[in-house]
Peer 1: 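Structure provided below as structure tokens; questions to follow.
Bear in mind that the values here come from a model prediction, so they are computed numbers and not experimental data. Counting convention: from 1, in listed order, for ligands and their atoms alike.
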Amino acid sequence: MYGCDKFCTYCIVPYTRGKERSRRPEEIIQEVRRLASEGYKEITLLGQNVNAYGKDFEDMNYGLGDLMDELRKIDIPRIRFTTSHPRDFDDHLIEVLAKGGNLLDHIHLPVQSGSSEVLKLMARKYDRERYMELVKKIKAAMPNASLTTDIIVGFPNETDEQFEETLSLYREVEFDSAYTFIYSPREGTPAAKMKDNVPMRVKKERLQRLNALVNEISAKKMKEYEGKVVEVLVEGESKNNPEVLAGYTEKSKLVNFKGPKEAIGKIVRVKIQQAKTWSLDGEMVGEAIEVK
Ligand code: SF4
């Protein structure tokens with residue numbers, strides 16, 4: 001799908017990409033079937049706000065949950081979607097994702113701030129409580145789901161206490177990782193008319209503290225993989241070392257491992273020997289290259 005109707009005050013996308021427009025489900029299902037038959041292993045359903053999928057259909061009541069429910073029946077190993085907006089993440093989608101199979105349980109759920117006041121200024125259309133309720137529902141339905149997020153620090157008027165609320169929310173959810181940003185105004189957005197009144201020094205300090213927490217929790221979660229066997233979709237040679245292959249787990253963790261070049265483009269099992277903050281090192285196990 002294309003476009004976004006959310007109009008978060010800091011974001012230029014609704015002005016540049018226009019209104020939400022969804023591709024017809026039959027067209028997507030047919031395309032995924034074709035890709036599966038051609039041997040593709042992973043599909044990502046993309047949209048600026050992919051949870052709003054189908055809201056623009058006038059002739060039927062059909063959402064992302066319905067589409068995922070059909071796609072999970074297709075013989076393709078992995079289906080992802082991004083990016084979610086918490087406001088449009090409905091119970092039906094959670095129910096369908098909980099069925100598992102080829103629907104991966106890695107959910108990127110941008111929160112942007114842990115403070116309800118800041119979220120209001122951002123016009124995110126949910127508050128801290130509602131976001132936490134959604135996280136609880138997702139975790140109850142999918143106890144092993146990994147959650148990642150996006151966070152902006154130093155939004156206009158953000159106080160120290162409000163920033164602390166972002167840290168406490170991060171700790172409470174225990175995200176696997178996050179993309180973190182310093183706020184900077186985008187010309188033509190409502191937020192650009194607000195006074196950008198958090199000094200750059202303070203913004204940088206906040207980003208540093210947030211990143212320290214992101215790294216701490218990510219390192220802890222990565223450590224849990226040591227000694228475990230994961231399934232990796234092999235993308236190619238590692239950027240830093242052509243002797244090593246690199247690929248991603250179902251939960252989007254980068255894995256570097258020694259294995260034959262024939263493994264590229266396939267899903268293989270890798271035993272994790274060492275966890276780093278942002279990647280895992282391991283060794284391919286078993287004779288069979290393809291497990292799916
Ligand atoms: S931040 Fe995302 S949801 Fe908000 S207006 Fe931009 S694209 Fe839409």
Peer 1: Taking 2.8 Å as the distance threshold, tell me the number of protein N/O/S atoms next to atom 8 (Fe) of ligand 1.
Peer 2: 1
Peer 1: Got a second to check how far L245's CG is from E237's CD, nearest 0.5 Å?
Peer 2: 7.0 Å
Peer 1: CG/D150 to CZ/F175 distance, rounded to the nearest 0.5 angstrom?
Peer 2: 9.5 Å
Peer 1: Check K139, R128, K136 against E172 for a salt bridge (charged side-chain N to carboxylate O under 4.0 Å, His left out) and give me the one that passes.
Peer 2: R128
Peer 1: If the plane angle is over 60° it's perpendicular, under 30° parallel, otherwise tilted; pick one for Y126 and Y131.
Peer 2: tilted
Peer 1: Determine whether F89 and L109 make a side-chain contact, defined as any pair of heavy atoms from C-beta on separated by less than 4.5 Å.
Peer 2: yes
Peer 1: If we only consider heavy atoms of R17, is any one of them less than 4.0 Å away from an atom in ligand 1?
Peer 2: no
Peer 1: Salt bridge (charged side-chain N to carboxylate O under 4.0 Å, His left out) between E216 and K220: does it pass, once the steps are laid out?
Peer 2: CA-CA 6 Å; E216 176 200 314; K220 187 180 105 185; over 6 Å; no
Peer 1: Of all the non-hydrogen atoms in the protein, which one sits nearest to atom 1 (S) of ligand 1, and at what distance?
Peer 2: Y10 OH, 3.5 Å
Peer 1: Output the distance between atom CG (D105) and atom CD (E250), rounded to the nearest 0.5 Å.
Peer 2: 7.0 Å
